[in-house]
Amino acid sequence: MIDIHSHILYDIDDGSESLDMSLQMLRMSVDSGVTDIIATPHVNRQGHIPSWQTILDKAAALQEEADKANIPIRIHTGAEVELNGDTLRFMKENHDDYCLAGSRYVMLELTDQSQPDIVEKMIYELQMRGFLPLLAHVERYERLMERPETLLAWMNKGVLAQCNTGSFTGYFGSKLQQRVRDLYRNNMIHFLGSDGHRVEFRTTDIRQAHEELDRLAAKEKPHVNLWNTATRNAEYILKHRVFYPDLPSHWQKEKKGFFHRLFG
Ligand SMILES: [Fe+2]
């Protein structure tokens, strides 16, 4: 398993608070079957932009400590870049700063204030500069999830989506759980991430999500298990290859049974 979204670097954002916590988080990842993890600290949140060199240094230092502690995991560099007007100032053409694992994939975070039509223009501009945009925890964006056809149109233009493992287990509530299930049924989830922040809550332990994805696969798509496909897709990022997903022709609402329509 490749966890492409995590806050395992300490003292850089609202994620891990210490080396000890980071190592505990990495142990949880390994226990969940994770072989590779991308460190994606917040960048451009409330205007705070850590330098790319800082992220590289912190990831290298943590890898060294993980190796010393015999934690078998590869840490890759990355960022969770908040998308607003300023993003276009520091995401420059012909460089891979703030991208995932040395690729041109960039993980973008929207906010409650993000307006889909403006987001679309900014994403297009980033694509023109050679970046491959990937939306972090797409299930969280109210305005976008109200019109999934828009998200699908973006995907047809090369935008990819990551969902949080905790959304599948219901950790973030039943509304988000329903949304990831809808996205899953429509084949519109390309990557998974723990979005792990700490060891007591919002952790990097994703074993329960694995069980839930096995259950969903058995129930709905016997030949497709998102746990495996998301890992295969993430390998494209690690290998710096462009990934073209199979997309649905249109968004399909969940078909509800007679009793559900009557009483649901
Ligand atoms: Fe995050």
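Since the model is a prediction, treat every value here as computed from it, not as a measurement. The figures here come from the full heavy-atom set of this structure, side chains too, leaving out hydrogens, waters and symmetry mates.
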Pair [X], [Y]: side-chain N/O donor-acceptor within cut-off below 3.5 Å:
{"X": "T169", "Y": "Q208", "value": "no"}
{"X": "H5", "Y": "E109", "value": "no"}
{"X": "N187", "Y": "D246", "value": "no"}

Output yes when a side-chain donor or acceptor of [X] lies under 3.5 Å from a complementary backbone atom of [Y], and no otherwise.
{"X": "T40", "Y": "S6", "answer": "yes"}
{"X": "E80", "Y": "P41", "answer": "no"}
{"X": "Q63", "Y": "I73", "answer": "yes"}
{"X": "S22", "Y": "I8", "answer": "yes"}
{"X": "N186", "Y": "Q252", "answer": "yes"}
{"X": "N225", "Y": "A217", "answer": "no"}
{"X": "N156", "Y": "L152", "answer": "yes"}
{"X": "H250", "Y": "E149", "answer": "no"}
{"X": "T111", "Y": "Q113", "answer": "yes"}
{"X": "N233", "Y": "F191", "answer": "no"}

Please walk me through it: do M21 and E200 pass side-chain contact (heavy atoms from CB on, under 4.5 Å)?
CA-CA 10 Å; M21 187 181 283; E200 312 86 13; 4.1 Å; yes

Out of curiosity, [X] [atom1] to [Y] [atom2], how far, rounded to the nearest 0.5 Å?
{"X": "L238", "Y": "I38", "atom1": "CG", "atom2": "CD1", "answer": "5.5 Å"}
{"X": "Q53", "Y": "T77", "atom1": "CD", "atom2": "OG1", "answer": "10.5 Å"}
{"X": "M145", "Y": "K175", "atom1": "CE", "atom2": "NZ", "answer": "11.0 Å"}
{"X": "L151", "Y": "E139", "atom1": "CG", "atom2": "CD", "answer": "11.0 Å"}
{"X": "Y141", "Y": "L110", "atom1": "OH", "atom2": "CG", "answer": "4.5 Å"}
{"X": "L135", "Y": "L108", "atom1": "CG", "atom2": "CG", "answer": "6.0 Å"}

Less than 4.5 Å apart, any side-chain heavy atom of [X] and any of [Y]?
{"X": "M1", "Y": "H210", "answer": "no"}
{"X": "L134", "Y": "I237", "answer": "yes"}
{"X": "R202", "Y": "D195", "answer": "yes"}
{"X": "N164", "Y": "L176", "answer": "no"}
{"X": "I118", "Y": "K121", "answer": "no"}
{"X": "L192", "Y": "I206", "answer": "no"}
{"X": "I189", "Y": "F168", "answer": "yes"}
{"X": "K157", "Y": "E120", "answer": "yes"}

Less than 4.0 Å between a side-chain N and a carboxylate O, is that true for [Y] and [X]?
{"X": "R198", "Y": "E17", "value": "yes"}
{"X": "R143", "Y": "E146", "value": "no"}
{"X": "E212", "Y": "R215", "value": "yes"}
{"X": "E220", "Y": "R181", "value": "no"}
{"X": "R89", "Y": "D86", "value": "yes"}

Smallest separation among heavy atoms of [X] and [Y], with atom names:
{"X": "T204", "Y": "S32", "result": "O-OG, 3.8 Å"}
{"X": "A161", "Y": "M155", "result": "CB-CE, 3.5 Å"}
{"X": "T231", "Y": "W227", "result": "OG1-O, 2.8 Å"}
{"X": "M188", "Y": "P148", "result": "CE-O, 4.0 Å"}
{"X": "D96", "Y": "G102", "result": "OD2-O, 3.6 Å"}

Shared ILVMFWY cluster between [X] and [Y], side chains joined below 4.5 angstrom?
{"X": "Y10", "Y": "L56", "value": "yes"}
{"X": "V138", "Y": "I2", "value": "no"}
{"X": "V43", "Y": "M107", "value": "no"}
{"X": "L9", "Y": "L19", "value": "yes"}
{"X": "L183", "Y": "L247", "value": "yes"}

Taking atom OH of Y171 as the centre, does the number of heavy atoms from other residues, nucleotides or ligands within less than 6.0 Å exceed 12?
yes

CD/E64: more than 12 non-hydrogen atoms of other groups inside 6.0 Å
no

Do any pairs count as a ring-ring contact (aromatic ring centres under 6.0 Å, His included) and have a residue in residues 51-97, sequence neighbours left out, and if so which ones?
W52-Y98, F90-Y98

Is there a salt bridge (Lys or Arg N to Asp or Glu O under 4.0 Å) between R179 and D182? Walk through the geometry before answering.
CA-CA 5 Å; R179 282 190 192 154; D182 290 342; over 6 Å; no

I would like to know whether V199 and M25 meet side-chain contact (heavy atoms from CB on, under 4.5 Å); could you show each step before the answer?
CA-CA 6 Å; V199 282; M25 289 169 77; 3.7 Å; yes

Would L132 and S103 satisfy side-chain contact (heavy atoms from CB on, under 4.5 Å), going step by step from the backbone distance to the final call?
CA-CA 9 Å; L132 301 165; S103 70; over 6 Å; no

Chi angles and distances behind the side-chain contact (heavy atoms from CB on, under 4.5 Å) call for E82, H42
CA-CA 7 Å; E82 188 174 309; H42 290 291; over 6 Å; no

Check the angle between the aromatic planes of Y236 and F243 and answer parallel, tilted or perpendicular using the 30° and 60° thresholds.
tilted

